[in-house]
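Here is the structure we will look at, set down as C-alpha cells.
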Amino acid sequence: MVGPRRPQFVLFGSSIVEFSFGDQGWGAILADIYSRKADIFVRGYGGWTSRHALQVLDQVFPKDDAIQPSLVIVYFGGNDSVRPRPDGLGAHVPLTEYVENMRKIAIHLKSLSEKTHVIFLTAPPVNEAQLLQVLGIDGRKNELCQKYADACERLCQEMGIKAINLCNAFKKQEDWSTTCFTDGMHLSPAGSKIVAKEILKVLKEADWKPSLHWEALPVEFA
C-alpha cells in the first residue's frame, strides 16, 4: 500500500467501467479531479452481468479487509438488458432477477463499513442503428435499457442508495444518440463527460459526513 492513505473510490461493473480510463473516459476524469485527494480503483469486466458480479463480490470486496472503500460506484444493466435469445444463451438476465442481484450487491457493499457509500449507475441508452452498422448487434433496444434503468432507480430509492439514471441523463442532451457513443453502446468522450458530471453532482449534493466531493477533501501535502 502506497501512503499516505487516501479515501478509496472503487468503480465496479462491466465494460463501461473497464474502459472508463480510456481516452477521456469518465474514470480518468474523476482520477484527474481527485488527484492528491482520493485513489480510484477500477474493477471493470467487459461482458459481465449482475450474475457475474455476485459470483466475485466477496473477492472484490472482502468484508474482513482492514481498509474499506469510502465510495463504490456500481454499473451493471447494459448486458443484463439485452434481448433473450431463443437458445437461452447470451447475456440476458430477466428483470426480476436483475433487480434482486442488484439488491444483493447493495446489501453487501453497505455492510462493508459505516463509512462506505454507494452510487448505482443504470444502463445508458444505445444508438440502435449504430450498433447494427458497426458491431452487427441488434439485441440491445432502448425500450429495454429504459425499463432496466428505471427498475434499478426504483430499487435505489427503496434502499436509500444514490442512483444515476443514465438513460434519463443522456436523453437530456439533444444530440445524445450521435455524440455519446463510439459504437452505439460504449461511451465517447462526450458520453463520459455526462457520466462524470452526474457523479460529481451526486457527490456535491449528498449529505455524507465527511463529504466526498472533491472540493471538500484536503489536498495531500498542501
Side-chain angles (χ1 to χ4, degrees), residues 8-22 25-27 30 40-65 68-69 71-112 116-126 131 135-141 144-156 159 161-167 181-187 191-192 195 199:
Q8 295 184 358
F9 295 1
V10 183
L11 317 182
F12 180 49
S14 56
S15 58
I16 296 294
V17 171
E18 182 176 352
F19 302 154
S20 67
F21 268 64
W26 60 274
L30 294 178
I40 298 182
F41 298 86
V42 177
R43 295 296 182 268
Y45 309 93
W48 276 29
T49 67
S50 59
R51 285 177 181 168
H52 297 95
L54 284 181
Q55 294 172 10
V56 302
L57 204 53
D58 289 316
Q59 298 175 61
V60 179
F61 301 100
K63 288 188 176 183
D64 58 355
D65 265 14
Q68 293 293 353
L71 175 67
V72 183
I73 300 176
V74 180
Y75 166 76
F76 291 102
N79 295 318
D80 297 69
S81 63
V82 300
R83 287 192 303 183
R85 288 171 36 169
D87 59 10
L89 302 176
H92 175 74
V93 175
L95 182 61
T96 54
E97 181 186 346
Y98 165 71
V99 170
E100 287 310 304
N101 290 347
M102 298 300 282
R103 185 190 304 276
K104 291 174 183 176
I105 292 170
I107 290 171
H108 180 90
L109 295 176
K110 290 176 71 175
S111 73
L112 295 178
T116 298
H117 301 288
V118 181
I119 299 174
F120 274 8
L121 306 179
T122 78
V126 295
L131 265 177
L135 299 177
I137 295 175
D138 66 354
R140 293 177 182 263
K141 300 297 180 183
L144 285 173
C145 291
Q146 187 75 60
K147 189 174 182 180
Y148 277 64
D150 292 345
C152 182
E153 185 177 24
R154 287 193 296 271
L155 171 68
C156 290
M159 299 187 71
I161 294 173
K162 303 296 185 182
I164 298 173
N165 190 319
L166 292 181
C167 269
F181 310 105
T182 59
D183 55 11
M185 63 179 180
H186 294 112
L187 304 183
S192 278
V195 177
I199 291 171

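Hydrogens, waters and symmetry mates play no part in the numbers below; they use all other heavy atoms, side chains included.
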Check whether any side-chain heavy atom of Lys63 lies under 4.5 Å from a side-chain heavy atom of Leu112, and answer yes or no. yes
Side chain to side chain contact (heavy atoms under 4.5 Å, CB included) partners of Val82, counting only residues at least two apart: Ala91, His92, Arg140
Taking Asn79 for the side chain and Trp48 for the main chain, is one N or O donor matched with an acceptor at less than 3.5 Å? yes
Closest non-hydrogen atoms of Gln55 and Gln59, given as atom of the first, atom of the second and distance, are O-NE2, 3.9 Å
Roughly how far apart are Ile161 CD1 and Ile119 CD1, rounded to 0.5 Å? 11.0 Å
Would you say Ser111 and His108 are linked by a side-chain donor-acceptor pair, where the criterion is simply a distance under 3.5 Å? no
When you look at Leu187 and Phe181, which way does the side-chain contact (heavy atoms from CB on, under 4.5 Å) test go after all the steps? CA-CA 4 Å; Leu187 304 183; Phe181 310 105; 4.1 Å; yes
Output the distance between atom CE (Met159) and atom CE (Met102), rounded to the nearest 0.5 Å. 10.5 Å
Hey, do the aromatic rings of His52 and Tyr45 have their centres closer than 6.0 Å? no
Stepwise side-chain contact (heavy atoms from CB on, under 4.5 Å) check, Arg43 with Val56: CA-CA 11 Å; Arg43 295 296 182 268; Val56 302; over 6 Å; no
Can you list everything that forms a side chain to side chain contact (heavy atoms under 4.5 Å, CB included) with Glu97? Sequence neighbours excluded, please. Arg51, Val93, Pro94, Asn101
Main-chain N/O of Gly47 paired with Ser15 side-chain donor or acceptor, under 3.5 Å: no
Is there a donor-acceptor pair under 3.5 Å between the side chain of Ser14 and the backbone N or O of Phe76? no
Could you tell me which non-hydrogen atom of Leu57 sits nearest to which non-hydrogen atom of Ile105, and how far apart they are? CD2-CA, 3.8 Å
Nearest 0.5 Å, what's the CG-OG1 distance between Leu166 and Thr122? 4.5 Å
Check whether Gln68 reaches the backbone of Pro62 with its side chain - one donor and one acceptor, N or O, closer than 3.5 Å. yes
So does Lys147 have more than 12 non-hydrogen atoms from other groups sitting under 6.0 Å from NZ? no
Should the pair Tyr98 and Tyr148 be assigned to parallel (<30°), tilted (30 to 60°) or perpendicular (>60°) ring geometry? tilted
I'd like to check Val195 versus Tyr75 (side-chain heavy atoms, cut-off strictly below 4.5 Å). Are they in contact? no
Test side-chain contact (heavy atoms from CB on, under 4.5 Å) applied to Phe61 and Val72, step by step: CA-CA 10 Å; Phe61 301 100; Val72 183; 3.7 Å; yes
